[in-house]
Amino acid sequence: MSKGITSRSEDYSQWYNDLVTKADLAEHSAVRGCMVIKPYGYSIWEKMQAALDKMFKDTGHTNAYFPLFIPKSFFSKEASHVEGFATECAVVTHYRLKNDGNGNIIVDNEAKLEEELIVRPTSETIIWNTYRGWIQSYRDLPILVNQWANVVRWEMRTRLFLRTAEFLWQEGHTAHATSEEAVAEAEKMLEVYADFAENFLAVPVVKGIKTANERFAGAVETYCIEALMQDGKALQAGTSHFLGQNFAKAFDVKFTNKEGKLDHVWATSWGVSTRLMGALIMAHSDDAGLVLPPKLAPIQIVIVPINRGDEELARITEVVDKLISELKAKGIAVKYDDRDTQRPGFKFAEYELKGVPVRVAIGGRDLENGTAEVARRDTREKQSVSREGLADYLEQLLDEIQKNIYQKALNFREENITKVESYEEFKEILDGKGGFVSAHWDGSPETEQKIKEETKATIRCIPLNNPQEDGVCIYSGKPSKQRVLFAKAY
RNA sequence: CGGGGUGUAGCGUAGCCCGGUAUCGCGCCACAUUUGGGAUGUGGAGGUCGUAGGUUCGAAUCCUGCCACCCCGACCA
């Protein structure tokens with residue numbers, strides 16, 4: 001089908017790698033585990049950022065920026081937090097290089113830092129150390145801050161976008177006067193993420209809470225959105241944490257409440273990362289390349305002229321220019337590819353690979369008939385459309401494509417949530433069709449751990465508003481009040 | 001970090017066992033003919049063979065270290 005892309009059925013991982021590199025999204029860098037996000041890939045990320053940033057602002061948040069480096073002592077103040085991240089931290093120990101006299105640049109051992117700096121794997125500690133100075137009274141609360149930043153987690157195995165040593169993300173850090181308010185904030189941001197995932201990424205998600213095993217290091221409760229990829233593996237697409245008073249206690253952040261009493265501040269943090277790029281790719285794309293939802297596509301419509309000679313091209317361009325101004329007036333990102341160095345068939349394949357939602361081809365025949373050939377990326381259907389009202393038609397088509405790819409992903413997700421009643425059945429589904437497996441669990445971390453060791457499946461979440469029903473744990477046979485969602489995950 | 005594999009032109013590769021300065025395809029450049037699904041012909045450019053050492057008259061080839069990537073494990077967004 002497509003040149004140089006491994007098919008999904010042949011090798012799903014390789015298909016993913018091929019897509020990321022061939023569609024010019026990212027490439028491996030000279031630094032182990034770190035990627036270069038290429039202009040086309042970064043354009044998509046910028047669209048995600050813009051949409052999310054607006055949603056954050058609309059819910060009352062403001063952006064700020066905190067340092068890349070965190071003093072080691074800050075980092076160790078919250079016990080479970082440091083334990084969770086200790087094994088994957090990059091540490092800065094020196095601040096100078098020197099010439100060793102033989103023309104080699106070496107670390108200057110004279111320039112050792114008195115206290116090592118951790119390259120942030122997340123910023124709770126530096127932020128809460130800072131918040132201490134910002135908060136004295138309930139009148140200073142809430143603090144609703146977000147930062148767009150890079151973070152570093154020294155991963156053993158990396159995959160472009162899904163897991164890299166350095167990645168880009170946003171992290172919201174809020175401070176509240178009451179537990180209820182902080183919980184409400186964490187839940188609100190989970191809703192924002194779910195809204196973004198479904199309406200922009202066109203990826204349906206399950207909202208839920210994490211079990212103790214899967215909880216963020218330092219959190220009291222971790223909320224998450226979980227998405228299902230085409231290969232039947234789950235992907236955590238975003239998390240929102242209720243941090244209780246853990247960081248306030250660790251950093252001694254107190255405030256005087258309305259009753260005049262001192263209390264520790266209540267906290268949340270929440271984040272999504274460039275991993276969403278991975279979700280976007282794996283949720284919709286096919287063997288011909290990327291399939292981008294119109295709302296995140298850097299190019300929403302590409303127009304390709306099909307001409308014999310310059311004279312005909314000029315006549316086509318005249319028609320196209322008019323169409324472009326109509327589309328731009330509607331706020332649609334349109335590109336006219338009139339390069340004469342590539343032939344139309346090449347361009348068709350290229351824009352399919354890059355996931356451009358709609359392609360419009362206009363040739364000599366169309367000039368005569370007053371038509372254009374419109375091809376949609378999601379279904380790969382082509383049809384001839386009258387130029388009369390074409391801009392309106394295309395605008396609606398983009399909406400329809402956005403809805404269609406969401407619906408397609410939703411259908412897939414629904415077909416791949418399987419209820420099971422026994423451990424045998426559980427293993428059979430995991431090894432066969434995959435996807436989410438809905439099963440009774442006794443609620444113990446030990447059972448969860450055993451299941452993970454034996455099947456590699458983890459509890460992705462306990463869905464919000466989960467129906468309560470009596471049953472028995474598929475593993476231990478102990479009584480259970482509800483089903484939880486298991487899956488193999490990225 | 002453990003096990004396995006791979007690194008030769010921008011990309012994909014042959015050559016390596018058995019040492020003598022590198023094969024083919026795509027891409028690139030020029031010109032011509034082409035243009036409704038990845039054009040064709042002719043000519044041309046491009047390589048410290050991942051990297052640093054070692055063995056040798058001579059290393060892509062043999063030996064050692066290092067680096068990167070891929071697959072599988074442990075860890076994680």
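Worth knowing before you read on, the calculation uses all heavy atoms, side chains too, and leaves out hydrogens, waters and symmetry mates. So that the names make sense, note that chain A is the first sequence line, chain B the second, and so on, each numbered from 1.
Both tests hold for A:Arg359 against A:Phe348: distance to the six-membered ring centre under 6.0 Å, angle to the ring axis within 45°. Geometrically, A:Lys354 engages A:Tyr40 in a cation-pi contact, judged by NZ or CZ lying under 6.0 Å from the ring centre and within 45° of the ring axis.
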Taking only nitrogen or oxygen atoms into account, show me every contact under 3.5 Å that the protein makes with nucleotides 39-45 of chain B, one pair per line with its distance.
residue	atom	partner	partner atom	Å
B:A39	OP2	A:Arg343	NH1	2.7
B:A39	O4'	A:Arg343	NH1	3.0

Polar atom pairs (N or O), protein with nucleotides 69-74 of chain B, under 3.5 Å:
residue	atom	partner	partner atom	Å
B:C69	OP1	A:Gly33	N	3.2
B:C69	O3'	A:His28	NE2	3.4
B:C70	OP1	A:His28	NE2	3.0
B:C72	OP2	A:Arg157	NH2	2.8

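B:G50 sits 44 Å from B:U35 when the P atoms are compared, rounded to a whole Å. Rounded to whole Å, the separation between the C1' atoms of B:A74 and B:U21 comes to 45 Å. The P atoms of B:G47 and B:A22 are separated by 12 Å, rounded to the nearest whole Å. For B:U64 and B:C17, the P atoms lie 15 Å apart once the distance is rounded to whole Å. Spacing of P atoms, B:G10 relative to B:C71, comes out at 24 Å, to the nearest Å. Taking atom P in both B:C26 and B:U42, the straight-line distance is 12 Å, to the nearest Å.
Regarding A:Asp24, its CG atom lies at a distance of 13 Å from the P atom of B:C11, rounded to whole Å. In this structure, CG of A:Asp340 is placed 12 Å from P of B:C31, rounded to the nearest angstrom. If you measure from atom NZ of A:Lys382 to atom P of B:G37, you get 6 Å, rounded to the nearest angstrom. Rounded to whole Å, atom P of B:C75 lies 19 Å from atom CG of A:Leu162. In this structure, A:Lys347 atom NZ and B:U34 atom C1' are separated by 14 Å, rounded to whole Å. Distance, A:Glu27 CD to B:G10 P: 13 Å, rounded to whole Å. Between A:Gln342 atom CD and B:C26 atom C1' there is a gap of 14 Å when expressed in whole angstrom units. Rounded to an integer number of Å, the gap from A:Arg359 CZ to B:G38 C1' is 12 Å.
Note on ring orientation: taking the six-membered ring where Trp is involved, the planes of A:Phe251 and A:Phe247 are parallel (angle under 30°, cut-offs 30° and 60°).
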For residues 302-311 of chain A, run the donor-acceptor check on the side chains, cut-off 3.5 Å, and write out each pair with its distance to 0.1 Å, sequence neighbours left out.
residue	atom	partner	partner atom	Å
A:Asn307	ND2	A:Gly309	O	3.0
A:Glu311	OE2	A:Arg315	NE	3.1

Symbol by symbol from the 5' end, with Watson-Crick or G-U pairs under 3.5 Å, [ ] crossing and | another strand, RNA chain B is ((((((((.[[[..)....(...]]].((((((.....)))))).....[[[[[..)....]]]]])))))))....
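In the model, A:Gln14 has no side-chain atom that pairs as donor or acceptor with a side-chain atom of A:Glu10 under 3.5 Å. For the residue pair A:Tyr16/A:Asp11, the side-chain donor-acceptor check at 3.5 Å is not satisfied.
For A:Tyr336, there are no ring-ring contact (aromatic ring centres under 6.0 Å, His included) partners at least two apart in sequence or on another chain. A:Trp15 meets the ring-ring contact (aromatic ring centres under 6.0 Å, His included) test with A:Tyr12; sequence neighbours excluded.
Residue A:Ser384 is classed as having no contact, given no heavy-atom separation below 4.0 Å to the nucleic acid. Contacts of A:Gly84 with the nucleic acid, taken as non-hydrogen atoms under 4.0 Å apart, are absent. Within 4.0 Å of A:Glu155, counting heavy atoms only, lies at least one base atom of the nucleic acid.
Between A:Arg365 and A:Phe85, the residue anchored nearer the 5' end of RNA chain B, judged by the nucleotide with its closest heavy atom, is A:Arg365.
Note on A:Arg308: a side-chain N or O is less than 4.0 Å away from OP1 or OP2 of B:U35.
Using a cut-off of 4.0 Å between Lys/Arg side-chain N and Asp/Glu carboxylate O, A:Arg339 and A:Glu350 are scored as salt-bridged.
Base orientation of B:U21: syn, since the glycosidic angle falls within 90° of 0.
Between A:Leu327 and A:Leu323 the shortest side-chain heavy-atom distance falls below 4.5 Å. The shortest distance between side-chain heavy atoms of A:Phe75 and A:His81 falls below 4.5 Å.
Atom CH2 of A:Trp154 has 12 or fewer neighbouring heavy atoms from other residues, nucleotides or ligands inside a 6.0 Å radius.
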Give the intermediate values and the outcome of side chain to side chain donor-acceptor pair (under 3.5 Å) for residues A:Ser269 and A:His173. CA-CA 5 Å; A:Ser269 68; A:His173 295 273; 4.7 Å; no
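The A:Glu352 side chain lies nearest to B:G37 when the options are B:G36, B:G37, B:C75.
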